[in-house]
Enquirer: 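The following block contains the structure, expressed as structure tokens.
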Amino acid sequence: MHLLGVRPVWELNGRVKSFEIIPLEELGRPRIDATIRVSGITRDNFPNCIELLDEAAYAVASLDEPEEMNFVRKHAMEKLRSGGTAPETINPDSPEWRDATLRIFSSKPGTYGAGVQLAVYASAWKEEKDLSDIFIYWNSYAYGKGIFGKEAYKELAQNLKTVDVTYNKTVSDEYDLFGCGCYFGTHGGITCAARNISGRDVKTYYGDTREPENVETRSLADEVRRVVRTKLLNPKWIEGMKQHGYKGAGDISSRVGRVYGWESTTQEVDDWIFNDIARTFCLDKENRKFFEENNPWALEEIERRLLEAAERGLWNADEEVLESLKEFYLETEGIMEEKMGEVQGEFQGGSVDILTDEEVEDWGKKMAEMRETLYGSR
């Protein structure tokens with residue numbers, strides 16, 4: 001609301017009941033456009049909040065104000081012009097104007113997740129454009145007043161072309177940006193898509209409202225460094241995780257996978273972080289022994305992710321670290337085979353087959369249609 005230049009109207013019980021538009025003279029700055037990707041849980045449980053924000057965006061876009069002072073209106077007008085429509089001929093109540101003002105998106109009704117994290121974990125992508133397309137494919141369903149899950153690939157892509165900054169925030173140290181794959185799938189995914197669609201750099205920020213009296217905003221790279229130092233590579237945290245044996249090893253591995261996910265989608269993870277992860281969990285004799293005794297599969301996953309990061313050019317690894325990592329990875333595979341004993345068939349990944357959109361007829365056709373809508377014949 002603050003970005004749009006509107007303020008909430010409160011009921012006596014402390015709930016927001018509506019909004020009011022702040023005049024430009026009082027606002028003292030242009031109205032800033034904002035595209036919101038809401039979670040499936042928010043979509044299903046707080047439709048009233050989604051409708052309120054949608055109404056605010058629609059109202060601001062419909063204001064008769066100079067476009068240089070109202071970027072919501074400016075971008076809505078540009079959408080109409082790009083479609084060959086003269087904005088001055090459009091009725092504010094027309095479907096074309098409604099589509100141009102859509103600002104809230106999520107996954108398809110009845111589904112959850114941003115999709116990007118699944119592709120990253122499965123290594124089912126070749127280049128950044130693939131992750132961008134997956135984000136748009138999964139999350140281009142519009143929501144708002146009178147709209148629930150309208151397919152809107154073009155509208156989301158047009159919004160992302162104008163994005164300069166992406167933002168999310170933490171509210172508690174109980175949950176941080178390595179605590180769930182959905183964080184990099186969503187924030188990282190929308191950053192990747194905005195960068196790919198617009199063809200320019202997109203800045204990423206992370207807010208910190210753990211202490212309401214001391215709110216901070218950091219770059220995503222700084223937030224990654226903060227969480228790495230305070231948790232993932234903190235000796236006290238590592239020792240605490242080791243107390244949980246198999247589960248602790250698995251949780252460490254999951255967090256390393258999310259570090260890789262953030263780098264895949266944003267390229268905001270420093271090389272020293274990957275170097276230190278390798279040294280701490282894969283090359284350190286004591287920690288390696290812990291994994292080998294409790295959960296060698298978690299160790300194999302860490303090593304495999306690190307090697308994948310190096311192979312994809314996401315990690316400019318210390319040469320000595322990389323060579324040692326390759327040697328230890330072969331050793332880990334041997335330990336796993338020894339623990340498994342005499343078994344038939346594959347055991348890494350079981351019988352799970354990873355398929356890309358090119359290999360699934362219906363999905364491939366749908367993705368092709370979406371790409372034609374977004375890129376034309378390119």
Enquirer: Assess, by modelled atom type and distance only, whether the side chains of Asn139 and Lys108 contain a donor and an acceptor separated by less than 3.5 Å.
Expert: no
Enquirer: Indicate, with yes or no, if the rings of Tyr143 and Phe148 have centres closer together than 6.0 Å.
Expert: yes
Enquirer: Who else is in the cluster with Tyr167 when I, L, V, M, F, W and Y are joined by side-chain contacts under 4.5 Å?
Expert: Val165, Tyr205
Enquirer: What orientation do Tyr206 and Trp262 show, parallel under 30°, tilted 30 to 60°, or perpendicular over 60°?
Expert: perpendicular
Enquirer: Inspect the surroundings of CG in Leu330 and state if more than 12 heavy atoms from other residues, nucleotides or ligands are less than 6.0 Å away.
Expert: yes
Enquirer: Does a donor on one side chain sit under 3.5 Å from an acceptor on the other, for Lys161 and Ser198?
Expert: no
Enquirer: Can we say Arg195 and Glu128 salt-bridge, meaning some charged N sits less than 4.0 Å from an Asp/Glu carboxylate O?
Expert: yes
Enquirer: Salt bridge check, Arg255 against Asp251: does any charged N sit closer than 4.0 Å to a carboxylate O?
Expert: no
Enquirer: Is there side-chain contact between Val6 and Glu20, with at least one heavy-atom pair below 4.5 Å?
Expert: no
Enquirer: If we ignore hydrogens and angles and just use 3.5 Å, is the side chain of Glu216 paired with the main-chain N or O of Thr209 as donor and acceptor?
Expert: no
Enquirer: Between Asp284 and Arg288 (salt bridge meaning N to carboxylate O under 4.0 Å), is one present in this structure?
Expert: no
Enquirer: For Arg15, look at atom CZ and say whether over 12 heavy atoms of other residues, nucleotides or ligands are found less than 6.0 Å away.
Expert: no
Enquirer: Given Asp270 and Trp272, is the side-chain hydrogen bond (donor to acceptor under 3.5 Å, both in side chains) satisfied, shown in steps?
Expert: CA-CA 5 Å; Asp270 298 333; Trp272 70 260; 3.0 Å; yes
Enquirer: According to the interplanar angle, ranging from 0 to 90°, do the rings of Phe184 and Tyr121 count as parallel (below 30°), tilted (30 to 60°) or perpendicular (above 60°)?
Expert: perpendicular
Enquirer: Distance-only criterion, 3.5 Å: show the donor-acceptor pairs between side-chain atoms of residues 317-326 and protein atoms not counting sequence neighbours.
Expert:
from	atom 1	to	atom 2	distance (Å)
Asp318	OD1	Glu320	N	3.1
Asp318	OD1	Val321	N	3.2
Ser324	OG	Glu320	O	3.1

